[in-house]
Amino acid sequence: MATLLALWLTVTQATQTVAVAMQMRQYIPDKNILYPHHMLGPRHPTILVQTAGHVAGAAYYYQRKDITNGSWPKNKTIHGVSIHPVYGGWFYMGPVIILEDVTCPTYGKKEPEDVLVDEPMKIELLNLFNGEWQNQKWRDIICVTKNYTEEYLEYRMIYGDGRTEWVTKYYDEHCPKEQERE
Ligand code: B12
């Protein structure tokens with residue numbers, strides 16, 4: 001029987017994750033690479049990367065249902081957020097790759113590290129992520145040693161078609177043209 005092993009990639013830059021996924025495409029069928037941005041419908045992504053990160057033991061997924069003393073109105077949606085023990089919130093949750101027919105008997109289950117000491121801190125994280133995520137403070141809920149570059153942050157704050165425009169401009173300004181390379 002086929003054994004499925006989901007690999008979880010945690011890196012600080014989305015470009016690195018995408019580059020890895022692109023290389024893997026030579027060996028792994030497209031259907032086995034699940035991209036986080038791919039949606040089947042509203043609130044229905046192909047892959048729940050935060051849940052995947054939690055069960056893989058990579059980053060703890062903090063959710064409203066874990067809070068006993070929250071004061072949010074019942075009908076208010078509070079989006080959950082994952083925190084990595086080293087990168088805090090400064091990481092991108094990349095594609096999940098399914099490896100078929102791969103077994104790894106030594107690969108045991110790993111619990112994610114709950115890095116927030118008490119419930120008030122967890123409430124603060126959820127409030128920052130839901131109320132004022134633009135100021136990026138949620139990412140610094142614990143002390144981190146690494147974070148995103150200014151350019152990458154700028155890119156993440158753009159939605160839709162603006163991203164292609166931004167990347168084209170960035171490429172034109174930073175990457176040498178063919179004739180300049182010679
Ligand atoms: C749609 C989406 C949005 C939408 C809607 C917001 C939302 N959070 O739904 C919009 C465009 C507004 C958005 C904005 C942002 N987003 Co967004 N978004 C997503 C996306 C693509 C899907 C989220 C979703 O719809 N989930 C479906 C719901 C139903 O899942 P759920 O609430 O987790 O429920 C499941 C779990 O509870 C699970 N479950 C049940 N019981 C248990 C028990 C346990 C123990 C566990 C672990 C799980 C579990 O079952 C439920 C489903 O049945 C994800 C990527 C992804 N593929 O997951 C990124 C994602 C959540 N976003 C992310 C980010 C960073 C942002 C922004 C900050 C953007 C930015 N530029 O920086 C803002 C923040 C706004 C906000 N307050 O949420 C990151 C979060 C990273 C992190 N550290 O957690 C993700 C993971 C993207 C990524 N690849 O890194 N986002």
Side-chain angles (χ1 to χ4, degrees), residues 4 6-18 21 33-98 108-166:
L4 301 184
L7 270 194
W8 174 250
L9 303 174
T10 299
V11 289
T12 49
Q13 296 285 359
T15 41
Q16 286 170 282
T17 328
V18 172
I33 305 179
L34 310 177
Y35 292 94
H37 55 268
H38 187 247
M39 303 292 287
L40 299 169
R43 306 267 294 151
H44 194 174
T46 315
I47 177 80
L48 294 165
V49 284
Q50 295 161 307
T51 296
H54 188 96
V55 298
Y60 201 100
Y61 183 30
Y62 296 96
Q63 304 183 76
R64 177 183 189 160
K65 57 173 168 262
D66 305 325
I67 305 290
T68 44
N69 291 313
S71 57
W72 304 293
K74 264 207 170 104
N75 58 358
K76 185 171 163 57
T77 304
I78 300 293
H79 300 296
V81 52
S82 304
I83 295 294
H84 188 279
V86 175
Y87 303 125
W90 298 97
F91 69 105
Y92 169 74
M93 311 196 85
V96 167
I97 299 171
I98 311 286
K109 180 164 171 18
K110 190 179 160 218
E111 289 302 324
E113 196 181 331
D114 180 357
V115 286
L116 302 182
V117 288
D118 54 24
E119 188 160 292
M121 221 172 151
K122 293 173 190 178
I123 292 174
E124 187 191 344
L125 170 70
L126 291 173
N127 281 334
L128 288 172
F129 188 71
N130 283 270
E132 40 183 302
W133 58 270
Q134 290 92 337
N135 66 20
Q136 313 293 333
K137 283 188 181 160
W138 66 271
R139 298 187 195 266
D140 282 321
I141 194 80
I142 57 166
C143 291
V144 291
T145 48
K146 269 188 165 183
N147 61 24
Y148 290 151
T149 58
E150 286 298 322
E151 289 95 334
Y152 182 62
L153 261 183
E154 208 182 300
Y155 167 84
R156 290 295 301 175
M157 297 306 285
I158 302 167
Y159 287 97
D161 295 344
R163 283 197 175 173
T164 314
E165 223 170 88
W166 189 92

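All residue numbers refer to positions in the sequence shown, counting from 1.
- Across all their heavy atoms, Pro45 and Pro36 have their closest contact at CB-O, 4.4 Å.
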- [ ] Tell me, with the steps shown, if Asp114 and Leu116 meet side chain to side chain contact (heavy atoms under 4.5 Å, CB included).
- [x] CA-CA 6 Å; Asp114 180 357; Leu116 302 182; 4.3 Å; yes
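- Taking each heavy atom of Ala58 and Pro85 in turn, the nearest pair found is O-CD, 3.6 Å.
- Note that CE of Met157 is 10.0 Å distant from CZ of Arg163, once rounded to the nearest 0.5 Å.
- Among all heavy-atom pairs drawn from Phe129 and Gly80, the shortest one is CE2-O, 3.6 Å.
- Atom NZ of Lys76 has 12 or fewer neighbouring heavy atoms from other residues, nucleotides or ligands inside a 6.0 Å radius.
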Open item on the list: Does Met93 form a side chain to side chain contact (heavy atoms under 4.5 Å, CB included) with His84? I'd like the steps, not just the answer.
Closed with: CA-CA 10 Å; Met93 311 196 85; His84 188 279; over 6 Å; no
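- Applying the 6.0 Å contact sphere to CD of Glu165 captures no more than 12 heavy atoms from other residues, nucleotides or ligands.
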- [ ] Carefully, step by step, assess Glu124 and Lys137 under the rule side chain to side chain contact (heavy atoms under 4.5 Å, CB included).
- [x] CA-CA 10 Å; Glu124 187 191 344; Lys137 283 188 181 160; over 6 Å; no
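- In this structure the side chain of Lys122 never reaches within 4.5 angstrom of the side chain of Asp66, judged on heavy atoms.
- Atom-to-atom distance recorded for Leu34:CG and Thr46:OG1 is 7.0 Å, nearest 0.5 angstrom.
- When all heavy atoms are compared, the tightest approach of Glu132 to Asn135 is OE1-ND2, 2.6 Å.
- For the atom pair OG1 of Thr68 and CD1 of Ile123, the computed distance is 7.5 Å after rounding to the nearest 0.5 Å.
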Open item on the list: Please evaluate residues Glu119 and Asn69 with respect to the criterion side chain to side chain contact (heavy atoms under 4.5 Å, CB included), reporting the C-alpha separation (whole Å), side-chain torsions for both, the decisive distance (0.1 Å), and the verdict.
Closed with: CA-CA 8 Å; Glu119 188 160 292; Asn69 291 313; 3.3 Å; yes
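- Scanning all heavy atoms of the two residues, the minimum distance from Gln50 to Tyr61 falls at OE1-OH, 3.3 Å.
- Atoms CD1 and CG, from Ile141 and Leu128 in turn, are 5.5 Å apart once rounded to the nearest 0.5 Å.
- One distance of note links CD of Glu113 with OH of Tyr60; it measures 11.5 Å at 0.5 Å rounding.
- Side-chain contact between Tyr62 and Ile78 is absent, with no heavy-atom pair separated by less than 4.5 Å.
- At most 12 heavy atoms of other shown residues, nucleotides or ligands fall within 6.0 angstrom of atom CD in Glu150.
- Side chain to side chain, Trp138 and Asn127 fail the donor-acceptor criterion of an N or O pair below 3.5 Å.
- Within a 6.0 Å radius of CG in Asp161, no more than 12 heavy atoms belonging to other residues, nucleotides or ligands are found.
- Summarising the geometry, atom CG belonging to Leu126 is positioned 9.0 Å from atom CD belonging to Gln63; distances are rounded to the nearest 0.5 Å.
- In plain terms, the two heavy atoms of Asn130 and Trp133 that are nearest each other are O-CD1, 4.3 Å.
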